[in-house]
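Written out below as C-alpha cells is the structure these notes cover.
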Number of protein chains: 2
Amino acid sequence: MLPSKAIYGLRALMFLGERYEGSPVLISEIAEKEEIPKKFLEAILLELKNKGYLRAKKGKGGGYWLIKNPKDVFIGDIIRILSGPLAPTSCSSKTAFAPCPECPDVETCKIRLLMEDVRQGIAEILDNESLQNLLERK
Amino acid sequence: MLPSKAIYGLRALMFLGERYEGSPVLISEIAEKEEIPKKFLEAILLELKNKGYLRAKKGKGGGYWLIKNPKDVFIGDIIRILSGPLAPTSCSSKTAFAPCPECPDVETCKIRLLMEDVRQGIAEILDNESLQNLLERK
DNA sequence: ACTAAATCTACCATATTAGTAGACTAATTA
DNA sequence: TAATTAGTCTACTAATATGGTAGATTTAGT
C-alpha cells in the first residue's frame, strides 16, 4: 500500500501544479485546503524541493512553488521519492535491485520473473503519467 | 513491497505444486529445503489450509498436500490471502474498497483514477498467472 | 528591529512485520 | 494402551516503519 506520505505529496504537487507560474504558496494554505497535517507536509515539501521539483522562499511573501513544467513531472518518479521503488520485491526492482532475503537463489527464482512483469506493468503506467495528465483526468 | 510471508507462502506452494498428487510433505521438509523459518511456515500453511488450498494430516506419515490442481490456483488470490488487496490504495481496491483517509473527497479524487489503472494492471497479471504457469516459467 | 515563513533537530506513539516458545491435540503404530 | 509423530493453538517478543508533534533556528521582507 502507498503510504500517506506519497498520497499527501501527490495532492500537494497537484495543488502547486494548478498554480504553476503563479506566486509562492504557503505550506499552511496547502495544508488547510488539502487537509494535510501541516508539520508532516513541511517534511514532504522539503524533500520534493531537495529533489529539484520545488523551490521555496522564506519570510513574508514566501512559500513554495513548482519549478518544473507539469508536463515534465512524472508520477512514477514522485512515488519513488516519497515511497521507494515501484517493484513488489527488491529482486524485481530496476532502480534499486537487491536479492530478496527470502530466496535461496535469485538467478533461478521464478517468483522474481513474475514480479518483474508486475513491476513493468506498474512502471509503464506511472512513468507515463505526468502531473499534467493527472490534473486533466476526469 | 510484498511481505516475506507472501514470498514464503508462494515458495511453499510451488514446492507442494511440484508434488501434486503425491504423498503428504512435512512442514519441516519444506522449511529446510526452501530455507523458511519453520514456525513461521507453520502459520502460513495453516492459513492456506483454512482457505481451502491445502489439506493436512497429523501423526506419522502426515504432512501437507495441495488439494487444488495447480492450473486452478491463481497467484493473485494467494497474494490477497497472504498480503492483502493488490491495489496500491484502499480507494482503488475492487475486493476491499474503502475511501482513503488522506483524500477529502473520494468521488473527485484523480489519484484514485490513476491508482485504479495501476490496480488493474497488477491484477491482470497476477490473476492470470496460475501456480502451474509459475512453475513452468524459465 | 520586527515579523513572517521556511528549515532543522529531536522526539514520540502506534502498528506491522517477522518471528519464537511452549503447551496441546490428533493420528499412527508397536 | 503407551509411545511417537506431526500438525495446531495461544501467547509472547524484538525490530522496523509509519505517521506524526514540539520547539528552536534561520532567512527574508517591511
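Note on naming: letters A, B, ... go to the chains in the order of the sequence lines (proteins, then strands), and numbering restarts at 1 for each one. Only a predicted model underlies this, so the values are computations on that prediction, with no experimental measurement involved.
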Atom OH of Tyr64(B) and atom C1' of dT5(D) are separated, to the nearest Å, by 15 Å
Salt bridge (Lys or Arg N to Asp or Glu O under 4.0 Å) partners of residues 55-67 of chain A, not counting sequence neighbours, each pair once: none
What's the CD-C1' distance between Glu102(A) and dT17(C), to the nearest Å? 11 Å
Spacing of CE belonging to Met115(B) relative to SG belonging to Cys109(B), to within rounding of 0.5 Å: 9.0 Å
Any side-chain heavy-atom pair of Phe74(A) and Glu129(A) under 4.5 Å: no
Name all residues meeting the side chain to side chain donor-acceptor pair (under 3.5 Å) criterion together with Ser23(A); count only those two or more places apart in sequence or in a different chain, and write none if there are none. none
The single option from Ile67(A), Leu66(A), Val73(A) that satisfies side chain to side chain contact (heavy atoms under 4.5 Å, CB included) with Tyr20(A) is Leu66(A)
Using the 3.5 Å cut-off, write out each protein N or O paired with an N or O of nucleotides 14-17 of chain D and the distance between them.
none

Please list, one pair per line, the donor and acceptor atoms closer than 3.5 Å that link side chains of residues 117-126 of chain A to other protein atoms, with sequence neighbours excluded.
residue: Asp117(A); atom: OD2; partner: Arg137(B); partner atom: NH1; Å: 3.2
residue: Asp117(A); atom: OD2; partner: Arg137(B); partner atom: NH2; Å: 2.9
residue: Arg119(A); atom: NH1; partner: Ser92(A); partner atom: O; Å: 3.1
residue: Gln120(A); atom: NE2; partner: Glu124(A); partner atom: OE1; Å: 3.4

Where along residues 23-49 of chain A does a heavy atom fall under 4.0 Å from DNA chain D? Pro37(A), Lys39(A), Phe40(A)
How does the hydrophobic cluster around Leu113(B) look, that is, which other residues are in it when side-chain heavy atoms under 4.5 Å mark a link? none
Could you give me the CA-CA distance, side-chain angles and deciding distance for Trp65(B) and Leu54(B), then say whether side-chain contact (heavy atoms from CB on, under 4.5 Å) is met? CA-CA 6 Å; Trp65(B) 65 97; Leu54(B) 307 177; over 6 Å; no
Each nucleotide N or O in nucleotides 28-30 of chain C that has a protein N or O under 3.5 Å away: list the pair and distance.
residue: dT28(C); atom: OP1; partner: Lys57(B); partner atom: NZ; Å: 3.2

Going by heavy atoms closer than 4.0 Å, what residues in residues 2-20 of chain A are next to DNA chain C? none
Residues in side chain to side chain donor-acceptor pair (under 3.5 Å) contact with Asp105(B), at least two apart in sequence or another chain: Thr108(B)
Apply side chain to side chain donor-acceptor pair (under 3.5 Å) to Asp77(A) and list each qualifying residue two or more places apart in sequence or on a separate chain. Arg80(A)
Contacts satisfying salt bridge (Lys or Arg N to Asp or Glu O under 4.0 Å) that involve residues 35-51 of chain B (not counting sequence neighbours) are Lys5(B)-Glu47(B), Lys39(B)-Glu42(B)
Is there a side-chain contact between Met1(A) and Met1(B) in this structure, where contact means two heavy atoms from C-beta onward sitting under 4.5 Å apart? no
Kindly give the cluster partners of Phe97(A), where membership spreads through any ILVMFWY side chain lying under 4.5 Å from a current member. Val106(A)
